[in-house]
2 protein chains.
Amino acid sequence: MLIDRNLSNIKIARRAASLVITRASLGRLPLYHHYLASSADKGIHQMSSSAIGRGLNCVPVQVRKDLQYTGVIGKPGLGYSVDELLRAIESFLGWNNVNEAFLAGAGNLGTALLGHEGFSKFGLHIVGAFDTDPDKIGRSVHGREVMPLHKMGDLAWRMSIHLGIVTTPAEVAQVVADEMVKGGIEAIWNFADVQLVLPKHIVVHNEDLYSSLAPLFRKLSR
Amino acid sequence: MLIDRNLSNIKIARRAASLVITRASLGRLPLYHHYLASSADKGIHQMSSSAIGRGLNCVPVQVRKDLQYTGVIGKPGLGYSVDELLRAIESFLGWNNVNEAFLAGAGNLGTALLGHEGFSKFGLHIVGAFDTDPDKIGRSVHGREVMPLHKMGDLAWRMSIHLGIVTTPAEVAQVVADEMVKGGIEAIWNFADVQLVLPKHIVVHNEDLYSSLAPLFRKLSR
DNA sequence: TAGATTGTTAATCGATTAACAATC
DNA sequence: TAGATTGTTAATCGATTAACAATC
């Protein structure tokens, strides 16, 4: 029995160490969390991969493969512990850490993100907003004062901010992102309609709204 | 010469007919358009696939493959006509059509999308906004009056609206989407944090912000 | 024990990239 | 013509899915 335990621990350790999560699986983990959380609210504490797959429109084997990355072990014949999965996903995605971010561009979209209260549940705190528009600077947007853009880099450095959100017009997004990188920012969430070109070690997610719209538009024009 | 022309026309026709664009390529076409448009602004009228690839951080062969779907033929040794590509991408993506949409959920994000003027350049016109909050109903948001949600389905039907945008809280998103489908809507752009389950013939794009954030957060927690 | 469901290997599918003849 | 770049086939890579022994 003791030997069994040890063997199975080694197995877990080896697996967790050797497997690197794919981009695709990583993006699905939040979806599992959404669905599992709403199931937990309904008092469901145990779920099989096929039950989860039904809720998310995907096949059980994909659910099992994705969930393996979290390190949670399911029980054959029974399924997974919903609460264990929720905690594991949260910790895997770093939702328990406090992730402080700066946002550049306090326009419509920037304002909306500043006002999105849901983020704080996942550890995302937008602690500074920046713009170049004199009419906006000094104003408070959803409780945060808009500061002049040229102060962003320095301040990011001094406050050890590592996440930047770009909601500026496309024309200035690259310059703003470069400024963020100079300020020590390591990950950028970009809503401007440009592909940012940045050093390899910076992680960028380009949130191109028109890429998302493309399949929808194509459907409509037929 | 005449024979050559005919042969090459047949080739084009066959190619356009047989190839169905992949989801991945479709999503990249808007990125090409962004970059080509900004190049055209700088007076550049001819570009090679490697020049385009440099601007978008991708390899020339991918550019060539993606651009083939638009039907544009490049000139060996020279490259592509920027203006021809721009027009071809616009027509391929249906950006020349008027695409009218209804939006449900006039919160922060909904308001931002209603105020996003850029959309109209691509044929997207959000012509109606809906909410259940009595404080919001009747108010004007970026020039459009917010209407009660229960009127959405009927109105979509009568106005032949085929595109729906969901910016409601996650809890009601599924119900709202079902209502859209009843109203004849065929494509749904969903910003709520749920995977909508809808009939096969409805095209849905789930714009899950937390999926986008996942790789960024992961980078930060290391 | 029997039924259900897991974890994992191997097969398939789709998307990216390398290689190169065709051609401006 | 020579150099550059195209369009396309074949090879590779990555992600999804089928199959099944292990096990609760």
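Reminder, nothing fancy here: chain letters follow the sequence lines and each chain counts from 1. What you see is a predicted model, and the numbers here were worked out from it, not measured in a lab.
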Look at the side-chain N and O atoms of [X] and state whether any lies under 4.0 Å from the OP1 or OP2 oxygen of [N].
| X | N | value |
| --- | --- | --- |
| B:Ser48 | D:dA4 | no |
| B:Arg64 | D:dT9 | no |
| B:Gln68 | D:dT8 | yes |
| B:Ser25 | C:dA15 | no |
| A:Arg28 | D:dT16 | yes |
| B:Tyr80 | D:dG7 | yes |

So which atom in B:Ser211 and which in A:Gly27 form the shortest heavy-atom distance, rounded to 0.1 Å?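 Distance-wise, the nearest heavy atoms are OG-O, 2.7 Å.
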If you take all heavy atoms of A:Val166 and A:Ala173, which pair is closest and at what distance?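 Scanning both residues, the minimum pair turns out to be CG1-CB, 3.9 Å.
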Gap between atoms [atom1] and [atom2], on [X] and [N] respectively (whole Å):
| X | N | atom1 | atom2 | answer |
| --- | --- | --- | --- | --- |
| B:Leu67 | D:dT8 | CG | P | 13 Å |
| A:Ile21 | D:dG14 | CD1 | P | 16 Å |
| A:Asp66 | D:dG14 | CG | C1' | 14 Å |
| A:Met47 | C:dT6 | CE | P | 11 Å |
| A:Arg23 | C:dA15 | CZ | C1' | 16 Å |
| B:Gln62 | D:dC13 | CD | C1' | 13 Å |
| B:Ile52 | D:dG7 | CD1 | C1' | 15 Å |
| B:Glu84 | D:dT6 | CD | P | 13 Å |

With a 3.5 Å distance limit and no angle check, can you tell me whether B:Asp193 reaches the backbone of B:Ala170 through a side-chain donor-acceptor pair? no
Could you check whether any side-chain heavy atom of B:Glu100 comes within less than 4.5 Å of a side-chain heavy atom of B:His162, counting everything from C-beta outward? no
Given that B:Val61 and B:Gly77 both sit by DNA chain D, which one's nearest nucleotide is further toward the 5' end? B:Gly77
Taking for A:Thr22 and for B:Ser49 the nucleotide of DNA chain D with the nearest heavy atom, the one nearer the 5' end belongs to B:Ser49
The side chain of [X] lies closest to which of these nucleotides: [options]?
| X | options | value |
| --- | --- | --- |
| B:Leu78 | C:dT17, D:dA22, C:dC24 | C:dC24 |
| B:Lys65 | C:dT9, C:dT16, C:dA22 | C:dT16 |
| A:Pro76 | C:dT16, D:dT23, C:dC24 | D:dT23 |

Using Watson-Crick and G-U wobble pairs whose two distances are both under 3.5 Å, how do you write the pairing of DNA chain D as dot-bracket, with | for links to another strand? ..||||||||||||||||||||||
Quick one: pull up CG in A:Leu113 and CG in B:Leu109 and give me the separation to the nearest 0.5 Å. 7.5 Å
Apply ring pair (Phe, Tyr, Trp, His ring centres under 6.0 Å) to A:Phe92 and A:Tyr69, showing your working. CA-CA 8 Å; A:Phe92 190 90; A:Tyr69 295 109; 7.2 Å; no
Taking the six-membered ring of B:Tyr35 as reference, does the cationic atom of B:Arg54 (NZ for Lys, CZ for Arg) lie under 6.0 Å from its centre and within 45° of its axis?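 Here B:Arg54 fails the 6.0 Å and 45° test against B:Tyr35.
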In terms of ring plane angle, is the pair A:Phe119 and A:Trp189 parallel, tilted or perpendicular, where the classes change at 30° and 60°?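 The rings of A:Phe119 and A:Trp189 stand perpendicular, inter-plane angle above 60°.
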